[in-house]
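Order of the sequence lines sets the chain letters (A, B, ...), proteins ahead of strands, with each chain counted from 1.
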Protein chains: 2
Amino acid sequence: MTGFIPMPDLDAIDRKILALLQSDSRLTMQELADKVGLSVSPCHRRVKLLEERGVITRYIATVDQKALGLHVSVFISIKLARQKEEDLNRFARAISKWDEVLECYLMTGNRDYLLRVVAADLSSYEAFLKNKLTRLDGIASIESSFALSQVKYSIALPV
Amino acid sequence: MTGFIPMPDLDAIDRKILALLQSDSRLTMQELADKVGLSVSPCHRRVKLLEERGVITRYIATVDQKALGLHVSVFISIKLARQKEEDLNRFARAISKWDEVLECYLMTGNRDYLLRVVAADLSSYEAFLKNKLTRLDGIASIESSFALSQVKYSIALPV
DNA sequence: GGCAGTATTGGGATATTTTACCAATGAAAG
DNA sequence: CTTTCATTGGTAAAATATCCCAATACTGCC
């Protein structure tokens with residue numbers, strides 16, 4: 001374990017910084033500082049602290065799903081035959097390797113997992129099912145629901 | 001409508017650029033160029049073209065959900081009383097305003113919408129339901145499923 | 001094979017931006 | 001009022017992005 005990093009509460013300025021960077025991380029320090037009402041130096045230091053504390057986890061580019069030809073989004077509900085930790089871990093490891101799976105949640109209720117999967121078209125989704133998902137051991141049931149359209153998609157957590 | 005931007009197929013280098021920037025947009029042009037086997041100039045021009053064509057849509061910072069105290073993730077299945085375009089649009093507009101709703105999909109099958117919502121705790125989720133979601137007109141049914149843990153969460157589309 | 005036309009690349013100069021340092025300011029406690 | 005601590009703001013140096021132009025590779029065509 002590395003050194004302990006103190007985590008005081010985020011104040012209003014920190015939250016504003018997070019909100020802004022969550023919507024556009026290409027703002028210059030000058031622009032960001034202006035928007036939050038600070039000068040460049042303290043603004044820069046706050047951003048660095050948020051990174052060091054692990055509040056800001058990464059900086060990424062987002063890509064248009066249609067531009068990549070990924071026209072199919074599917075939600076898959078999965079039930080395992082057994083729910084021992086060993087089985088859950090094995091499932092999680094397999095899922096994590098597959099790029100088609102963007103999200104996977106362990107759920108309450110009568111389904112164990114909920115997955116969001118993208119594919120170019122129905123046949124490549126079928127290939128994903130046949131060659132990958134259904135070949136996993138210990139799956140009791142799979143149920144696919146297709147998304148007709150993405151009404152909202154945001155990565156920005158409310159601050 | 002602005003000028004037409006020609007969209008030739010993405011070649012192997014473009015895809016590599018997209019894969020790299022989807023995982024770390026803070027790479028310098030020099031680092032990115034090295035990794036894709038180009039010098040800075042052509043690499044820079046390719047990135048700019050990907051932005052202009054709308055393949056790269058934005059650059060954002062990602063924030064740790066737990067660090068913000070958002071411990072609850074919920075998937076909500078919603079059925080509307082009617083599914084006329086007018087009703088769908090009204091629902092979509094309302095959803096889009098609420099920061100708690102990170103994702104919303106129009107679905108096939110017996111549910112109209114699937115939402116992913118985050119909240120600090122169960123009581124603030126309850127407040128979201130009572131004060132926002134259930135106050136919308138035209139909703140026939142709401143069904144919440146809670147995520148126990150996030151097994152995988154990725155924004156990086158497969159390229 | 002050779003040739004013209006087109007698209008892509010690479011290097012270098014310049015403008016922007018990030019980053020580190022240090023003095024100044026403001027708030028809290030005695 | 002004074003001391004102490006945390007935060008701020010300005011400035012300069014280093015790193016990076018961006019633009020321009022010549023050189024190279026590629027394509028279609030003869």
Residues B:Q83 and B:D87: side-chain donor-acceptor under 3.5 angstrom: no

A:D24 and B:R58 ion-paired at < 4.0 Å: no

Chi angles and distances behind the side-chain contact (heavy atoms from CB on, under 4.5 Å) call for B:I139, B:T134: CA-CA 8 Å; B:I139 292 189; B:T134 57; over 6 Å; no

Whole-Å distance separating the CD atom of B:E51 from the P atom of D:dA17: 12 Å

Earlier contact from the 5' end, DNA chain C, for A:E31 and B:G37: B:G37

ILVMFWY network linking B:L129 to B:V117, side-chain heavy atoms under 4.5 angstrom: yes

Shortest side-chain distance from B:V40, nucleotide among D:dG9, D:dT18, D:dT16: D:dT18

Nucleotide nearest A:L38 (side chain, heavy atoms from C-beta), chosen from C:dT18, C:dT9, D:dT8: D:dT8

Value in whole Å for how far the C1' atom of D:dT18 lies from CG of B:L32: 15 Å

Whole angstrom value for the distance that separates C1' of D:dA6 from CG of A:D11: 13 Å

Closest listed nucleotide, where the reference is the side chain of B:R46 and the choices are D:dC19, D:dG10, C:dT8: C:dT8

Closest listed nucleotide, where the reference is the side chain of A:R45 and the choices are D:dG10, D:dT7, D:dA17: D:dT7

Per A:H44 side chain, nearest of listed nucleotides C:dT19, D:dA17, C:dT9: C:dT19

Rounded (10°) bend between the five-pair end axes of the helix from C:dG1-D:dC30 to C:dG30-D:dC1: 40°

Rounded distance in Å - CE (A:M29) to P (D:dT8): 14 Å

Short side-chain donor-acceptor distance under 3.5 Å, A:S145 and B:Y105: no

Atom pair distance, as rounded to whole Å: CG in B:L49 and C1' in C:dT8: 11 Å

Selection from C:dT17, C:dA20, D:dA17 that lies nearest to any side-chain heavy atom of A:S41: C:dA20

SB check A:K48 A:E52 (cutoff 4.0 Å): no

Nucleotide C:dT19, atom P - distance to CD of A:E52 in whole Å: 12 Å

Protein-nucleotide distance (B:Q30, atom CD; D:dA14, atom P), rounded to Å: 19 Å

Atom pair distance, as rounded to whole Å: OH in A:Y59 and P in C:dT17: 16 Å

Closest non-hydrogen atom pair, A:S25 against B:A61: CB-N, 3.6 Å

